[in-house]
Asks: 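This structure is in structure tokens; I'll ask about it shortly.
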Number of protein chains: 2
Amino acid sequence: MINTRLSMGIHILSLVALSNDPENLNSEWIATSINTNPVVVRRLTSSLKKANLVKAYVGNRGLQLMKEPEDISLLEILKAVDPNNHLFHIHQNSNIQCTVGRNIESTLGSIFNDIQKETEWKLANLKLDDVMRDLESKN
Amino acid sequence: MINTRLSMGIHILSLVALSNDPENLNSEWIATSINTNPVVVRRLTSSLKKANLVKAYVGNRGLQLMKEPEDISLLEILKAVDPNNHLFHIHQNSNIQCTVGRNIESTLGSIFNDIQKETEWKLANLKLDDVMRDLESKN
DNA sequence: ATTGTTGTAACTATGATAGTTACGTAGGTG
DNA sequence: CACCTACGTAACTATCATAGTTACAACAAT
């Protein structure tokens, strides 16, 4: 994974979960916390809404979680904001005249896929609630 | 990880390990198997040599492994060709006026670091020999 | 009607990566 | 010794992904 979308997605959901005034949590406000542009935030919240992790209050104001923080895994957040993520990349178009070249992609594919699955399993067992508790413990 | 250096590094070492004529394994030849440029190969072999995974024969001809394939882990290869790799990226410069912004980097840092370590553990337990056996089983 | 906010398209800037050209260097061979 | 082959590396380029940015239509609430 090269991007920061999971990390920003978790940031957003943590803000939603910990806000005192969630009905006034708009993209402008969130962008100030992340220190980015409101459109970047809207792109992410838009994905999070499509994944049924958050929804707006009446009138598209603010944000609220659609599940309890202990029921939102980091994997769900990742899939919402970066559905095609891969931890590893394999070089393509190796020479099929060569035994190694012909088979390396499939061999590495299954090895890397195993590790990907293990990582996803780890993320599936980490919940937004865990992040929130850690954040709160620091302040 | 966004790059293909681990994948190419494994490809190179597999070629070295499986070659019938390792003294004539030059960057040109390897590049043909990977389907890339010889300089890309030389950059990688140069790193692999510095990490003491391979060395040239007398006269800088060809390549030979410096350890048995069962003693070369994929983690060593990764560290050799991409020493600063990180699976996850965290957005920087969050707003320290905000509780979440102030602490998110350290919270996510330790979570992601755990997963990074687990992945490295997995890679440490996968050996070049495992890759070779899988490659050979296909052909 | 006016206001505030979202969703999204379209474009830009930046940075990482692999590919490429070029060349100095080292070692072996005739 | 002169020649040859291959390596190591600097420097540059092309490509691509990402985040940032501008702009605007749509929508709901008042």
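The sequence lines fix the lettering, A, B, ..., with proteins before strands; numbering per chain opens at 1. For clarity, every value in this text was computed on a predicted model and none was experimentally measured.
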Asks: B:Leu63 CG to D:dT5 P: how many Å, rounded?
Replies: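 Going from B:Leu63 (CG) to D:dT5 (P), I get 19 Å.
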Asks: In whole Å, I'd like the distance from the CG atom of A:Leu48 to the P atom of C:dT6.
Replies: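 Result: 13 Å.
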Asks: If we ignore angles and hydrogens, is there a donor and acceptor under 3.5 Å between the side chains of A:Asn95 and B:Thr32?
Replies: no
Asks: In whole Å, what is the span from the CZ atom of B:Arg61 to the P atom of D:dC4?
Replies: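 Distance, rounded to whole Å: 15 Å.
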Asks: What is the separation between atom OH on A:Tyr57 and atom P on C:dT6, rounded to the nearest whole Å?
Replies: 14 Å
Asks: Where the side chain of A:Asn35 meets the backbone of B:Asn93, is there a donor-acceptor pair that is under 3.5 Å apart?
Replies: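 Yes: the side chain of A:Asn35 pairs with the backbone of B:Asn93.
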Asks: Nearest whole Å is fine: how far is D:dC7 C1' from B:Asn60 CG?
Replies: 6 Å
Asks: Looking only at side-chain N and O atoms, does B:Asn26 come under 4.0 Å of OP1 or OP2 in D:dA6?
Replies: yes
Asks: Whole Å only: how far is the NZ atom of A:Lys55 from the P atom of D:dA28?
Replies: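 Nearest whole value for this atom pair: 16 Å.
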Asks: Which of parallel (below 30°), tilted (30 to 60°) and perpendicular (above 60°) describes B:Phe88 and B:Phe112?
Replies: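 Plane angle under 30°, so parallel.
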Asks: Are B:Ile115 and A:Val131 in one and the same hydrophobic cluster, where Ile, Leu, Val, Met, Phe, Trp and Tyr link if side-chain heavy atoms are under 4.5 Å apart?
Replies: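 Same cluster: B:Ile115 reaches A:Val131 through Ile, Leu, Val, Met, Phe, Trp or Tyr contacts under 4.5 Å.
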Asks: Rounding to an integer number of Å, can you tell me how far A:Asn84 CG sits from D:dA17 P?
Replies: 11 Å
Asks: Is it true that a side-chain atom of B:Thr45 and a backbone atom of B:Arg42 form a donor plus acceptor pair closer than 3.5 Å?
Replies: yes
Asks: Taking atom NZ of A:Lys55 as the centre, report whether more than 12 heavy atoms of other residues, nucleotides or ligands fall under 6.0 Å from it.
Replies: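 Count not over threshold, so no.
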Asks: Taking it one step at a time, do A:Thr4 and B:His89 satisfy side chain to side chain donor-acceptor pair (under 3.5 Å)?
Replies: CA-CA 5 Å; A:Thr4 55; B:His89 281 222; over 6 Å; no
Asks: What is the distance, to the nearest angstrom, from the CD atom on A:Glu28 to the P atom on C:dG7?
Replies: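 After rounding, the reported distance stands at 15 Å.
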Asks: With a 4.0 Å cutoff (strictly under), does any side-chain N or O of A:Ser46 reach OP1 or OP2 of C:dT6?
Replies: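 No, no such contact exists.
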Asks: Taking 4.0 Å as the cut-off, does a side-chain nitrogen or oxygen of A:Thr45 come that near to OP1 or OP2 on C:dG7?
Replies: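 Answer yes for this pair, as a side-chain N or O of A:Thr45 is under 4.0 Å from OP1 or OP2.
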Asks: Any side-chain N or O of B:Lys49 below 4.0 angstrom from OP1/OP2 of D:dG8?
Replies: yes
Asks: Along nucleotides 12-20 of chain C, 5' to 3', which nucleotides get a B, which get an S, and which get a -, given that the test is a protein heavy-atom distance under 4.0 Å?
Replies: -----SSBB
Asks: Which is more 5' along DNA chain D, the nucleotide nearest A:Val58 or the one nearest B:Arg42? Just name the residue.
Replies: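 On the 5' side of the pair lies B:Arg42.
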